[in-house]
Amino acid sequence: MIAGIDIGGTTSKIGLVRDGRVLAQTRIPTTGHADDHAFADALAQAVRALAGTGSFPELTAAGIGAPNANQLTGIIEMAPNLPWKYDVPLARMVQDRLGVPCVLGNDANAAALGEWRYGAGQGYKDLLIVTLGTGVGSGFIVNNALVLGSHGNAGELGHMTLVMDGRACTCGRKGCLEAYVSIRGLRQTYTELDGDPEVLREEGVRCIADAAHRGDAAALQTFRHAVRWLAVGLANAVVVTGPQRIVLFGGIARNGDLLMAPLRERFQEALLNIYSGRVDLTVSALPDDDAALLGAAALTTF
Ligand SMILES: [Zn+2]
């Protein structure tokens with residue numbers, strides 16, 4: 001049995017995973033701890049408490065997905081959305097406390113491994129997984145291996161420049177794909193198109209999708225733009241690693257009629273002709289609630 005841990009900006013989820021299923025789960029706050037050591041104590045305690053609640057098999061490993069995590073070093077490197085503004089060697093800290101091997105990985109890579117091992121990517125040797133959420137994360141599987149690069153942080157499709165001198169991105173650069181097709185990106189598009197400010201009173205993009213279904217012109221146009229940008233971004237990625245399949249993950253990708261159907265068409269048009277009809281585009285097969293935990297657990301098995 002593996003402990004899968006997903007570190008988020010406000011909450012960290014912990015799950016016990018076996019054979020691609022989450023047997024039990026709990027959560028602890030990520031914030032409010034005295035320091036990173038106190039957080040690691042709380043994390044280990046929560047894992048032990050959860051494992052002690054049933055007659056689970058013995059814990060053999062722990063996998064942790066976190067923003068800005070470097071799988072090569074086991075360190076969370078100054079993550080802007082986490083409480084610690086310094087490097088945290090969390091893999092070693094959790095390993096010491098739990099007494100089992102621990103692998104730390106970037107949350108997007110964890111999601112990619114989860115999808116590859118347990119979801120819509122099973123059986124594909126060349127795969128690209130893109131998470132559309134607060135940011136845009138991605139993981140590239142090439143020839144049956146996750147691409148980490150020499151520095152441990154390869155495959156950041158969200159920060160590929162899509163528009164020269166375009167929108168400001170959270171990374172400090174301009175025109176990144178993430179600035180256009182993340183939740184923030186879609187909301188910004190809607191605002192730039194003079195959409196109804198009332199619609200944006202709600203967080204996320206569901207509100208824009210609902211408006212589009214009511215016939216709101218700016219909302220419909222927002223999704224059309226997102227489809228165009230995403231089609232080009234994905235087609236650019238294809239010329240680099242030539243995947244057989246691309247899996248999209250996250251709430252935005254769940255908009256079948258507004259996003260996925262037109263995207264499949266635009267993506268084929270944007271592809272370099274040698275790839276035409278040869279790259280399949282699909283949506284994650286994992287339940288949203290379990291995906292991060294399965295992905296974190298999957299980090300330990302590669
Ligand atoms: Zn960026």
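Read the numbers this way: they start at 1 and go in the same order the structure lists the ligands and their atoms.
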Undergrad: Does a side chain donor of either Asn70 or His151 reach within less than 3.5 Å of an acceptor in the other side chain?
TA: no

Undergrad: Please determine if Arg167 and Glu192 form a salt bridge, counting it only when a charged side-chain N lies under 4.0 Å from a carboxylate O.
TA: yes

Undergrad: Of all residues at least two apart in sequence or in a different chain, which pass the side-chain hydrogen bond (donor to acceptor under 3.5 Å, both in side chains) check with Glu202?
TA: none

Undergrad: What number of protein N, O or S atoms occur at distances under 2.8 Å from the Zn ion (ligand 1)?
TA: 4

Undergrad: Which residues pass the side-chain hydrogen bond (donor to acceptor under 3.5 Å, both in side chains) test with Asp280, sequence neighbours left out?
TA: Arg245

Undergrad: Just by modelled atom types, is the Val17 backbone N or O under 3.5 Å from a matching donor or acceptor in the Arg21 side chain?
TA: no

Undergrad: Please table the atom pairs, donor to acceptor, closer than 3.5 Å between any side-chain atom in residues 106-122 and protein atoms at least two apart or in another chain.
TA:
residue: Asn106; atom: OD1; partner: Ala108; partner atom: N; Å: 2.8
residue: Asn106; atom: OD1; partner: Asn109; partner atom: N; Å: 3.2
residue: Glu115; atom: OE1; partner: Ser284; partner atom: OG; Å: 2.8
residue: Glu115; atom: OE2; partner: Ala120; partner atom: N; Å: 2.9
residue: Glu115; atom: OE2; partner: Ser284; partner atom: OG; Å: 3.3
residue: Glu115; atom: OE2; partner: Ala285; partner atom: N; Å: 3.1
residue: Trp116; atom: NE1; partner: Tyr124; partner atom: O; Å: 2.7
residue: Arg117; atom: NH1; partner: Thr301; partner atom: OG1; Å: 3.1
residue: Gln122; atom: NE2; partner: Tyr118; partner atom: O; Å: 3.1
residue: Gln122; atom: NE2; partner: Gly119; partner atom: O; Å: 3.2

